[in-house]
Amino acid sequence: MKVYKFGGASVRSAEGVKNLKYIVEDERGGLFIIVSAMGKTTNALEVVIDHFMAGRKDEATNEFAAVEAYHATIIAGLFEGGKTPAAVQKLYDEVRATIARETPTERDFEKWYDALVSYGELISTTIISEYLNSAGVCNKWVDMRRAFVTDDKFKYANVDMKASGERLRAVVAEGAADGIEIFVGQGFIGATPKGETTTLGREGSDYSAAVVASVLDAESVAIWKDVIGVLNADPKIFPESTFIPELTYLDAVELAFSGAQIIHPKTIKPLQNKNIPLHVRPFGDKFASGSVIRGEIAAPIEVPILILKRGQVLMQIRPRDYSFVLEEKLGDIFAVLEQFNTKVNLVQTSAISMSLSIDRTRRLDELVKALEGHEFFVTYDEGMEMLTIRGYTEPYLERYSRVPGIFLAQRTRKILRLVRKETV
Ligand code: ASP
Ligand code: MG
């Protein structure tokens, strides 16, 4: 079994879906395809949900009509006569009926969010599965709400690997008994044991693909993207970027943590546990091998890797009473950060103070107040960015850190992190 994942950008048009068919049509010996919602559908559905939650049923329905219209343009390019397949129409009807029937309460926002936003993936996979079947690529549509068992942390659900493994293996065995070799399932979604739909966090489809691969003991996973593979730096920011053919799981985790947007950070663990290689392959070039991420690589990466994470807030925290035992207060600080779901990207402590680079948050004021409530004195700078250089060399050190405007530098033998004012 192999697992392929296609993101929203790849399937944003009829041409994209046709290219997906071209990539998968000759696959034999078991292929599980995980697909995201088409284009920017998830964002569009979030707008529908905002209206729905606020009781604006007409606006919600109108926004959803725009989602349907967008899919209609794709359907027109795929099916004879441009007719909406009945299975897709059924999904549209379910969303419209929910909007018309239900009066949601804010308390259940996350639950409603999952119940509705999941239709992006349900619609995309239904269109793709029907199209592949109509074009002679025989496949089975898998309802991941019946395959992925999760907890009830709506919007950020955790997958129960054991229970999901049992269900997924049963689905595949049943398909295989009917001679099915290709399966098409949704990324990003699952359901609680009670059958309530959940989602795994934005951009969670990569993670879905990794979990499917892990529980099915797949030989490999490929994420098809609009890049040639993994680069050492974002070419839009660093013109001198180069292609990296091979990297380790550890490299990939470090990259994802530092803000490289190649793969979702949660993706690596399930694969590493089973030593399943992860390929990052160019959607536009079926025969190019792209980059591979795995446990052992032939030679360590030679080039330094540069990752720029924007939208940082650099925060200084020190106990009000000038207590010199900051260690005793670390627990308090992290408990508050945790309470506000703060993403901490860098920590540096001195005798009496702690500096943190955190993701910008809408609740910054509240966060600061909460820290002050614990007898801390807090100052911060907004509009910062963090540059990480993994495997830096002397010339890089010279060029990036020995320049004015660095607010904070942190250096280990391998990694250099610099926090500075945002450059653009
Ligand atoms: N469609 C979801 C999102 O846009 C999941 C994904 O694409 O990975 O966040
Ligand atoms: Mg995506």
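For ligands, and for the atoms within them, numbers begin at 1 and follow the listed sequence. Fair warning: this is a prediction, and the values are worked out from it, not measured in the lab. Reckoned from all heavy atoms, side chains included, excluding hydrogens, waters and symmetry mates.
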(message) Under 4.0 Å from a heavy atom of Arg202: which atoms of ligand 1 are those, numbered in the order shown and with their elements?
(response) 3 (C), 4 (O), 9 (O)
(message) For a side-chain contact (heavy atoms from CB on, under 4.5 Å) check, start with the C-alpha distance between Val17 and Ile127, then their side-chain angles and the critical distance, and finish with the verdict.
(response) CA-CA 9 Å; Val17 176; Ile127 293 173; 5.6 Å; no
(request) Spell out, as yes or no, whether a donor-acceptor pair under 3.5 Å connects the side chain of Arg169 to the backbone of Val215. (result) yes
(message) Distance under 4.0 Å to a non-hydrogen atom of Phe188: what atoms of ligand 1 satisfy this?
(response) 2 (C), 5 (C)
(request) List the steps, then state whether side-chain hydrogen bond (donor to acceptor under 3.5 Å, both in side chains) holds for Gln348 with Gln410. (result) CA-CA 8 Å; Gln348 187 150 303; Gln410 191 176 70; 3.0 Å; yes
(message) Could you check whether any side-chain N or O of Asn139 sits under 3.5 Å from a backbone N or O of Ser129, counting only pairs where one atom can act as donor and the other as acceptor?
(response) yes
(message) I want to confirm something. Looking only at heavy atoms, which of Ser124, Ser36, Ser208, Gly201 is nearest to atom 7 (O) of ligand 1?
(response) Ser36
(message) Using heavy atoms and a 4.0 Å limit, tell me yes or no: is Gly120 in contact with ligand 1?
(response) no
(message) Against ligand 1, does Glu121 come closer than 4.0 Å with any heavy atom?
(response) yes
(request) Could you go through the side-chain contact (heavy atoms from CB on, under 4.5 Å) check for Ile23 and Phe6 one step at a time? (result) CA-CA 11 Å; Ile23 288 172; Phe6 297 93; 4.1 Å; yes
(message) Using a 4.0 Å cutoff against the non-hydrogen atoms of Ser205, which atoms of ligand 1 qualify?
(response) 5 (C), 6 (C), 7 (O), 8 (O)
